[in-house]
**Q** 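Quick one: the structure is below, and I'll ask about it shortly.
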Amino acid sequence: MSARRIAVISAGLSNPSSTRMLADRLAAETVKQLAERDTEATVDVVELRDYAHDITNNLLTGFAPAALESAINSVYSADALIAVTPIFSTSYSGLFKSFIDVLDPDGLTGKPVLIGANAGTPRHSLAIDYAIRPLFAYLHAETVSTGVFAASSDWGSGADDVAPLAKRIEKGAGELAEAVARKEPAVSSDPFDPANYLGEGRSFGHLLGGLAGE
């Protein structure tokens with residue numbers, strides 16, 4: 001069984017939050033569907049509220065503090081990404097966009113992405129297609145066809161009976177699992193790994209030896 005890793009970005013501001021609830025359900029269903037495809041998967045969750053000050057400092061200085069850099073690298077090196085944001089003023093949250101802004105523009109190229117969003121009313125469901133999906137298209141990520149939107153009513157007794165949230169989660173996660181299963185495992189993008197800039201199997205000794213004419 002091949003192993004893969006899923007990174008999850010949750011941009012909820014409260015604790016607990018419906019954004020995190022949706023992110024966790026999408027991640028769990030993706031892991032389940034990958035297992036059905038004989039593919040083991042682990043999940044790393046990046047709770048953006050925990051990095052809010054670091055993200056702001058990164059925007060102001062151009063440098064990511066160590067904790068934020070580690071979170072960013074976990075996103076770069078993952079086999080797929082689940083990105084979930086609350087909808088504020090008909091679009092993604094400022095915290096969500098700020099995190100995207102500190103990423104390398106090429107860091108998500110070709111990465112399968114499942115988009116999730118939540119808001120108080122179903123009227124905001126189109127934000128996935130007119131606001132969030134174009135953002136990931138600009139970053140050359142490969143978003144799956146289904147985006148999963150959850151309104152407040154989806155968590156209570158007034159949930160949609162025609163297209164229930166569980167079915168939408170199952171469909172979106174299934175598309176992400178299929179996209180992951182088709183791809184080769186992601187290669188480490190650790191900037192401190194010499195193999196990433198010296199070549200596989202080479203070390204600083206090879207570099208110094210070359211400079212010395214050996």
Side-chain angles (χ1 to χ4, degrees), residues 6-28 30 43-65 67-78 80-152 154-155 165 168-169 172-173 176:
I6 310 298
V8 178
I9 298 172
S10 173
L13 298 181
S14 59
N15 185 21
S17 73
S18 54
T19 300
R20 178 62 186 269
M21 288 170 56
L22 179 58
D24 287 345
R25 289 187 61 178
L26 290 169
T30 300
V43 174
D44 289 332
V45 179
V46 178
E47 188 72 69
L48 294 187
R49 67 188 300 274
D50 295 337
Y51 299 93
H53 293 292
D54 285 347
I55 291 169
T56 299
N57 289 336
N58 193 167
L59 290 170
L60 293 174
T61 67
F63 296 97
L68 177 59
E69 183 174 20
S70 178
I72 290 172
N73 285 335
S74 74
V75 171
Y76 289 158
S77 60
L81 175 65
I82 296 172
V84 187
T85 177
I87 300 301
F88 296 149
S89 302
T90 73
S91 188
Y92 38 69
S93 72
L95 179 60
F96 182 83
K97 181 56 164 59
S98 293
F99 180 74
I100 297 298
D101 286 344
V102 302
L103 298 179
D104 186 308
D106 297 321
L108 300 183
T109 298
K111 192 178 300 296
V113 177
L114 170 58
I115 298 169
N118 70 282
T121 169
R123 291 197 303 271
H124 293 303
S125 61
L126 292 178
I128 285 180
D129 290 321
Y130 70 67
I132 308 172
R133 196 178 297 279
L135 180 62
F136 285 101
Y138 172 78
L139 295 172
H140 303 292
E142 297 179 0
T143 55
V144 300
S145 298
T146 298
V148 181
F149 178 86
S152 295
D154 284 309
W155 305 106
L165 180 59
R168 285 176 269 149
I169 289 173
L176 185 65

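Since we're looking at a predicted model, the values are computed, not measured. Throughout, residue positions are numbered sequentially from 1 according to the sequence presented.
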**Q** Check whether the side chains of S74 and D44 place a donor and an acceptor atom closer than 3.5 Å, and report yes or no.
**A** no

**Q** Mark yes or no for whether Y76, through its side chain, and D104, through its backbone, hold a donor-acceptor pair below 3.5 Å.
**A** yes

**Q** Ignoring hydrogens, what is the shortest heavy-atom contact between G12 and P86? Give both atom names and the distance.
**A** N-CD, 4.1 Å

**Q** Which of these, T146, L26, I6, sits in a side chain to side chain contact (heavy atoms under 4.5 Å, CB included) with L114?
**A** L26

**Q** Do S10 and R20 get their side chains close enough for a donor-acceptor pair, meaning under 3.5 Å?
**A** no

**Q** Are any side-chain N or O atoms of D154 and backbone N or O atoms of A151, one a donor and one an acceptor, separated by less than 3.5 Å?
**A** yes

**Q** Scan for salt bridge (Lys or Arg N to Asp or Glu O under 4.0 Å) pairs involving residues 82-101, sequence neighbours excluded, and state none if there are none.
**A** K97-D101

**Q** With rounding to the nearest 0.5 Å, note down the distance linking CG in L176 to OG1 in T143.
**A** 10.5 Å

**Q** If you take all heavy atoms of F96 and L48, which pair is closest and at what distance?
**A** CA-CD1, 4.0 Å

**Q** Under the side-chain contact (heavy atoms from CB on, under 4.5 Å) rule, what do Y92 and I100 come out as? Steps first, then yes or no, please.
**A** CA-CA 11 Å; Y92 38 69; I100 297 298; over 6 Å; no

**Q** How close do A64 and N58 get, counting heavy atoms only, and between which atoms?
**A** CB-OD1, 3.3 Å

**Q** Provide the closest heavy-atom pair for L22 versus V148 in the form atom of the first, atom of the second, distance.
**A** CD2-O, 3.9 Å

**Q** Looking at T85 and S93, would you say the former's side chain and the latter's main chain have a donor-acceptor pair under 3.5 Å?
**A** yes

**Q** Test of understanding: with side chain to side chain donor-acceptor pair (under 3.5 Å), list the residues that count as partners of R25, not counting sequence neighbours.
**A** none

**Q** Does the S17 side chain pair with the main chain of L13, one donor and one acceptor, at a distance under 3.5 Å?
**A** no

**Q** Please determine whether the number of non-hydrogen atoms from other residues, nucleotides or ligands lying under 6.0 Å from atom CZ of F63 exceeds 12.
**A** no

**Q** Kindly give the heavy-atom pair with the smallest separation between F149 and P122, and that separation in Å.
**A** CE2-CA, 3.8 Å

**Q** Check V75, V46, T30, V45 against V8 for a side chain to side chain contact (heavy atoms under 4.5 Å, CB included) and give me the one that passes.
**A** V45

